[in-house]
2 protein chains.
Amino acid sequence: MSLEHIMLGMLRRPASGYDLRKQFEEGPRHFWAARLSQIYPTLQRMERSRWLTSTTTPSPRGPQRRVYRRTAEGTRVLRRWLAGGAEVGAERLAWVGQLIFFGELRDPRRTLRFLRELRRTFASGLDLLESAEHHLRRVDRRSPARWDHDAFHEFLCIRMGVRVRRARLRACDEAIALTSSRLRRGRDET
Amino acid sequence: MSLEHIMLGMLRRPASGYDLRKQFEEGPRHFWAARLSQIYPTLQRMERSRWLTSTTTPSPRGPQRRVYRRTAEGTRVLRRWLAGGAEVGAERLAWVGQLIFFGELRDPRRTLRFLRELRRTFASGLDLLESAEHHLRRVDRRSPARWDHDAFHEFLCIRMGVRVRRARLRACDEAIALTSSRLRRGRDET
DNA sequence: ATGACCATGTAATCCGTTACATGATTCG
DNA sequence: CGAATCATGTAACGGATTACATGGTCAT
């Protein structure tokens, strides 16, 4: 299961389930989503597998915190996952299906409305990543190739995300332009 | 559930579960995957919901075929889905997590090996889509904006896929270049 | 006091995969 | 004779979401 491996990677430093949720909302949010109701049972399972150990500590505010630590075995599992090659799963892009089936409606205006909404959705995702990139670049103005390992790898991920999301926006723009010209043509002929 | 809506869209013409599997392997393969063991129960559920009706007909070779047809209610459900706006679900990109966690290994050569494998994986997905685009363009050499509705919408989907996949390749290339320069620098300083 | 945040969990349900089960026809 | 393709399904399991349940602290 990928989620377990991702959580192993995030547990480089000890953390509670609640801490991990925050991490999912900050960094991985852009490539992986997980709710608390999934995080807690997963941590328990990983502890049973001896990839983690946990201790409870009082919290300054609120109830006791259960803090998890990666074991040597957990680290080995993580490294094996990384050495096992890139995990590229099947995509599930419902919006592509929607776009195809708009063909059946035979109304370019609806296709156009759909594409414009899609573009807005994609644009808001891009903003977040671009500001993350700018933030990293401002912290250290040298070439990213000179940064420390962690910052460098974070940069690679953000940078790849930015490129893909920009391409999605341009793809929307092209589709919108094509559909508009189709709409104009349709009106001319009617 | 998106799968049900996608299957509604595919059932513009009557088809059996076995036929749908073939459709999934041709077009939607690039954006949605479904196995027979998921397709059959889903068709049964949709029939119970009265989105489909089925009849059995003998097959020229092999056992009886159960052919499903969309009902008026099914068509209404599909249109409501399309009118309900773009469905952009949370992404689950395990490879991005892997790339981040390579930071912990502190060895650019392993990062580089990973990125090169990733590039190969992405490249093979692009080939399929590009040949699909060329095929469509060869069938009708006018601007796609002049094609019939179905061909036009299929083109839009393929075209968007091509753009995004090309961006992924370029993103890999950039990451490989950055990591290589980092590797050279590391060797110089050692 | 009300709402936001801290903090942990369980239960029911649904979606998807893997494995199992069956049997006919056609081509080499 | 064996493999591929046609054709339909069930069962067990695992992964993910939604809803449920609890209760303390802090700021307004």
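Excluded from the calculations below are hydrogen atoms, water molecules and symmetry mates; all remaining heavy atoms, backbone and side chain alike, are included. Just so it is clear: chains get the letters A, B, ... in the order the sequence lines come, proteins before strands, and each one is counted from 1.
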Gap between atoms CD and P, on Glu47(A) and dG9(C) respectively (whole Å) | 10 Å
Provide, to the nearest angstrom, the distance between the CD atom belonging to Glu87(B) and the P atom belonging to dC15(C).
-> 12 Å
Round to the nearest Å and state the distance from Gln64(B) atom CD to dG9(D) atom P.
-> 10 Å
Against the side chain of Arg65(B), the closest entry in dG15(D), dA7(C), dT8(D) is dT8(D)
With respect to the side chain of Leu36(A), which nucleotide from dT8(C), dT10(C), dT8(D) is positioned closest?
-> dT8(C)
Do NZ/NE/NH1/NH2 and the carboxylate oxygens of Arg70(B) and Glu104(A) come within less than 4.0 Å?
-> yes
With a 3.5 Å cut-off and no angle check, do the side chains of Glu4(A) and Trp51(A) form a donor-acceptor pair?
-> no
Just compare dG15(D), dG9(D), dC6(C) and give me whichever is closest to any side-chain atom of Arg66(B).
-> dG9(D)
Among the candidates dC6(C), dC15(C), dA16(D), find the nucleotide nearest to the side-chain atoms of Leu3(A).
-> dA16(D)
So, is Gln38(B) near the phosphate of dT17(C), with a side-chain N or O under 4.0 Å from OP1 or OP2?
-> yes
Of Pro41(B) and Asp19(B), the one whose nearest nucleotide on DNA chain D sits closer to the 5' end is Asp19(B)
Hey, mind stepping through Glu130(A) and Arg166(A) against salt bridge (charged side-chain N to carboxylate O under 4.0 Å, His left out) and telling me if it holds?
-> CA-CA 10 Å; Glu130(A) 276 184 331; Arg166(A) 281 217 258 260; 2.3 Å; yes
Here the distance between atom P of dT5(D) and atom CD of Glu25(B), to the nearest Å, is 11 Å
For dT10(D), take OP1 and OP2 only and decide whether either is under 4.0 Å from a side-chain N or O of Gln44(B).
-> yes
Just by distance, do the side chain of Arg168(A) and the backbone of Arg163(A) share a donor-acceptor pair under 3.5 Å?
-> no
Tyr68(A) has a side chain; which of dT8(D), dT18(D), dG9(C) sits nearest to it?
-> dG9(C)
Rounded to the nearest Å, what distance is computed from the CE atom of residue Met1(B) to the P atom of nucleotide dT17(D)?
-> 15 Å
Residue pair Tyr40(A) / Tyr18(A), side-chain heavy-atom distance below 4.5 Å = yes
Distance-only donor-acceptor test (3.5 Å): side chain Ser37(B), base dT18(C) = yes
For atom CZ of Arg21(B) and atom P of dG9(D), their distance in whole Å | 15 Å
Report yes if at least one side-chain N or O of Arg45(A) is closer than 4.0 Å to OP1 or OP2 of dG15(D); otherwise report no.
-> yes
Across the strands shown, which category fits Thr42(A) at heavy-atom distances under 4.0 angstrom: base, sugar-phosphate, nothing?
-> nothing
Contact under 4.0 Å: Arg35(B) side-chain N or O vs dT18(C) OP1/OP2 | yes
Between OH of Tyr40(A) and P of dT18(D) the distance, given in whole Å, is 18 Å
Separation of dA7(D) atom C1' from Leu43(B) atom CG, nearest Å, is 13 Å
Report yes if a side-chain nitrogen or oxygen of Ser59(A) is closer than 4.0 Å to either non-bridging phosphate oxygen (OP1 or OP2) of dC6(C); otherwise report no.
-> no
Close side-chain approach of Thr111(B) and Asp107(B), heavy atoms under 4.5 Å = no
